[in-house]
Amino acid sequence: MEKKQFQNDLISWFAAEKRDLPWRRTADPYQIWISEIMLQQTRVDTVIPYYKRFIEKFPTLNDLAQADEQILLKQWEGLGYYSRARNLQAGVKEVAENYGGIVPNSRKEISSLKGVGPYTAGAVLSIAYGIPEHAVDGNVMRVLSRILLIEEDIAKPKTRKIFEEAVTEIISHEDPSSFNQGLMELGALICTPTSPKCLLCPVREHCAAFHEGKQNELPIKTKAKKTKSLQYAMVAIRNEDKFLMEQRPESGLLANMWQFPLLETAIDALPLEIEEQLSERLKGVVDKAEKITSFKHVFSHLTWNVDGFIADSKNIVALDRMRWVTAEELELLPVAGPVQKMKTALQQRGEV
DNA sequence: CAGCCGTGGTC
DNA sequence: TGACCAAGGCT
């Protein structure tokens, strides 16, 4: 491949066709960092409103470093992968304390920050600082697997190294930012997973797969395993105008997010069984349980089948990591998808 | 390394 | 409707 010509074709196309995205209107390494974390495994259209609100709420690195975790998680609510938010804040605090508030500009230092892996390190270094470092994500592996006809399985972790070496070899030293973003933009707009638009591709003369007619066979990617399924009862326990909420554990699924008390159950658990198990756990009396909804929630690696109940209680004292809240206070707690679905069911009954 | 970690869109 | 996908990182 003619390296120089490839760089020119890619960068020229990017200059002409790039989308006008909010994080492309700033040169602030902190704001670019935010965008890269939000974009991990998440679509551009989904990220845009979150990014705008987030930058408005936490305009500077110090604003985020000093933020309350509940406020931060509330801003992240609905985006998913909530450990990203907590790792991001941990990384930002490190920069505030150990780097004088300046995002470090070496791969070694920036990679030591919580939540910053090989991709994000290269993205921030190249986009914010113009340093010719590789930033290999799913787009880049798909695009280069076709251009360079690489037939390694991109689902395997060790394959990423092959692409990092390839990018290091061909990256533009004049404009590494446009080069890296150009590869990703090409993957998003032209060199898509299915039916790539080769006739519109600015670098198709450099593409080995196109010449061989193999663009639809690449990349090679083994399939994911199917997810496990779990059955739960989620119970809105009411005492006058308040509901009992509990905060999930500090690690694992939906860490530190809030939920209505949750009980792993057999399929079609009866209201009486729910009352009994909850009274036992909460050391009080839970009664008048009534099923009000039933839904499925699919996570990346498992599925929750949830029966939603409403129940009464009079003498329950909030235990560790629990709190009685009004409908108004409930709106301030960060909650994930399953609890949102429960809140919707409660709203339809006029309970909140 | 494999498994864990969310959500919403698409075909 | 199920399977796959989208600018990954942590353990």
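Naming: A, B, ... by sequence-line order, numbering from 1 per chain. Note: hydrogens, waters and symmetry copies are ignored here, and every other heavy atom, side chains too, is used.
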Side-chain donor-acceptor pair present, A:Tyr119, A:Gln40, cut-off under 3.5 Å: no
DNA chain C: stems of at least 3 consecutive Watson-Crick or G-U pairs, cut-off 3.5 Å? B:2-5 with C:8-11, B:7-11 with C:2-6
Rounded to the Å, how far apart are A:Lys221 NZ and C:dA3 C1'? 12 Å
Can you check each nucleotide of nucleotides 2-11 of chain B against protein heavy atoms at under 4.0 Å and return B for base, S for sugar-phosphate only, - for none, in 5' to 3' order? -SSBBBB---
Using whole Å, what does the distance between atom C1' of nucleotide C:dT11 and atom NZ of A:Lys114 come to? 12 Å
In chain order, what residues pass the side chain to side chain donor-acceptor pair (under 3.5 Å) check against A:Tyr51, with sequence neighbours excluded? none
In whole Å, measure the gap between the P atoms of C:dA6 and B:dC5 for me. 23 Å
With a 4.0 Å cut-off, would you call A:Glu250 and A:Arg86 a salt bridge? no
Residue whose nearest DNA chain C nucleotide is more 5′ - A:Val116 or A:Trp23: A:Trp23
To the nearest angstrom, how far is A:Glu36 atom CD from C:dG9 atom P? 9 Å
What I want to check is whether the side chains of A:Gln70 and A:Trp258 have a donor and an acceptor closer together than 3.5 Å. yes
Does A:Lys161 come within less than 4.0 Å of A:Glu164, counting only side-chain N to carboxylate O? no
Could you state the CZ-P distance from A:Arg160 to C:dC10, rounded to the nearest angstrom? 11 Å
Taking only residues two or more places apart in sequence, or in another chain, which ones meet A:Ser177 in a side chain to side chain contact (heavy atoms under 4.5 Å, CB included)? A:Ile127, A:Asp175, A:Gln181
For residues 44-59 of chain A, the salt bridge (charged side-chain N to carboxylate O under 4.0 Å, His left out) pairs (sequence neighbours left out) are none
Return the 5'-most residue of the pair A:Leu113, A:Arg24 with respect to DNA chain C, ranking by each residue's nearest nucleotide. A:Arg24
Roughly how many Å is it from NZ in A:Lys226 to P in C:dA3, rounded to a whole number? 7 Å
Charged N to carboxylate O under 4.0 angstrom, A:Glu152 versus A:Lys158? no
Atom CZ of A:Arg142 and atom P of C:dC4 are separated, to the nearest Å, by 16 Å
Length of the line joining A:Arg86:CZ and C:dG8:C1', which is rounded to integer Å: 17 Å
Between B:dG6 and C:dT1 - P atom distance, rounded Å: 26 Å
Whole angstrom is fine here: how far is it from OH in A:Tyr119 over to C1' in C:dA6? 11 Å
Contact class for A:Leu21 (heavy atom, under 4.0 Å): base, sugar-phosphate, or nothing? base
Only counting residues at least two apart or in another chain, list the ones meeting side chain to side chain contact (heavy atoms under 4.5 Å, CB included) with A:Glu17. A:Trp13
